[in-house]
**Q** 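To start, I am sharing the structure in question, which I have written as structure tokens.
Counting starts at 1 for both ligands and their atoms, in listed order.
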Amino acid sequence: MERIPCLIIGGGPAGYTAAIYAARAALRPVLLEGLQPGGQLTTTTVVENFPGFAQGVDANVLMSEMRAQAGRLGADIRGGIVSEVDFSGRPFKVLTDSGEELVCDSVIIATGASARYLGLPSEEKFKGLGVSACATCDGFFYRGQDVAVVGGGDTACEEALYLSGLCRKVYMIVRRDVLRASVAMQERVKAASNIEILWNCNTREVLGNASGVTGARLVRGNGEVFDIDVTGFFLAIGHHPNSEVFSRWLETDENGYIVTKAPGTQTSVEGVFAAGDIQDPHYRQAVNAAAAGCRAALDAEKFLKR
Ligand code: NDP
């Protein structure tokens, strides 16, 4: 049976960067790409904040270049979704949805997190055309325009504050009459003159045309339906880490993020490492995920050499 020294699970910035470093360290990495090769970035358009691209870079181009770089350096990139793992002892066992069992000496988990969406067909239709789940990534494109942020947690407040520095007006669409966010964040939001909170409101439909989002149709708790004019519609209703398949074996926090021993990427099982959004609920940026992927490969190398 094939024995894999370093299995990397996940094809986003963390996984590809781990593969680049592991391949260069002659760890003969195998990378399983999963359902969404390229990761969350592929749901956006232009990336302007990834260093090294003076004019910005198309997100899909960036990811396919990372993938090609990993492949050129010798990483064995395969399709496949992990359906089950056994981390009870070494070597570790990983089962894929095609029934293949992989036996590995070290594992780097880089399966990321997924933004939560409302689940409206119109929201799906305008993803990348005004609907976004990352203000830091996409807010810049809405400078001077009116936008909306859905959610009332710390992320929504942070995103609304970030957007308020760029946009003319920011609506916060909050489904209750209170914010879930910390008091400090609430105060900052309420002090921003260009943020308007729409309390007790839910989104019925994202409105738009061939060029993108033009507004949103909302419904208040009392049944009143009304429209707002916005060109950007940002979701900030939470993320969920893609850790379900591992959580039986690894320590996770109360939200399901895999716990690693800072400053490294070691999980609660020796030889299993985690990098990127799967262990980082705070920064959630491609450049951070890439950096964590690098650290995971270096940690795996050290572990394997020991
Ligand atoms: P949260 O789960 O804290 O908040 C989610 C928000 O979205 C809530 O207001 C929730 O409403 C709302 N929401 C959920 N589902 C829907 C829906 N279907 N329709 C409309 N609204 C919806 O997620 P966050 O991402 O904000 O935060 C995650 C964690 O990260 C938290 O612990 C947070 O404190 C932390 N964090 C800390 C930061 C900081 O300290 N600077 C920055 C960002 C996050 P409701 O309240 O009604 O449930």
**Q** H239 versus ligand 1: do any nitrogen or oxygen atoms come within less than 3.5 Å of each other?
**A**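 H239 vs ligand 1: no N/O contact under 3.5 Å.
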**Q** Give me the residue, atom name and distance of the protein heavy atom closest to atom 2 (O) of ligand 1.
**A**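 Among all protein heavy atoms, the one nearest atom 2 (O) of ligand 1 is R180 CD, 4.2 Å.
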**Q** Which of the atoms of ligand 1 are close to L118, meaning less than 4.0 Å from one of its heavy atoms?
**A** 17 (C), 18 (N), 19 (N)
**Q** Identify which of M172, R175, R116 has a heavy atom lying nearest to atom 15 (N) of ligand 1.
**A**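 Considering heavy atoms of M172, R175, R116, the nearest to atom 15 (N) of ligand 1 sits in R175.
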**Q** Among all protein heavy atoms, pick out the one at the shortest distance from atom 38 (C) of ligand 1; state its residue, atom name and that distance to 0.1 Å.
**A**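 Result: D154 CB, 3.7 Å.
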**Q** Any Lys/Arg nitrogen of R28 or D76 sitting under 4.0 Å from an Asp/Glu carboxylate oxygen of the other?
**A**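 No.
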**Q** Does only the side chain of E158 get under 4.0 Å from ligand 1, or the backbone, or both, or neither? Count heavy atoms.
**A** side chain
**Q** Run the ring pair (Phe, Tyr, Trp, His ring centres under 6.0 Å) test against Y162 and tell me which residues pass, sequence neighbours left out.
**A** none
**Q** Looking at ligand 1, does any of its N/O atoms fall within less than 3.5 Å of an N/O of T155?
**A**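 Yes.
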**Q** Would you confirm whether any non-hydrogen atom of the protein falls under 4.0 Å from atom 32 (O) of ligand 1?
**A** no
**Q** Need the ligand 1 atom indices (1-based, order shown) with element for anything under 4.0 Å from a heavy-atom of G153.
**A**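 So the atoms of ligand 1 that pass are 4 (O), 6 (C), 8 (C), 9 (O), 26 (O).
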**Q** Indicate, as side chain, backbone, both or neither, the part of T203 found under 4.0 angstrom from ligand 1 when only non-hydrogen atoms are considered.
**A** neither
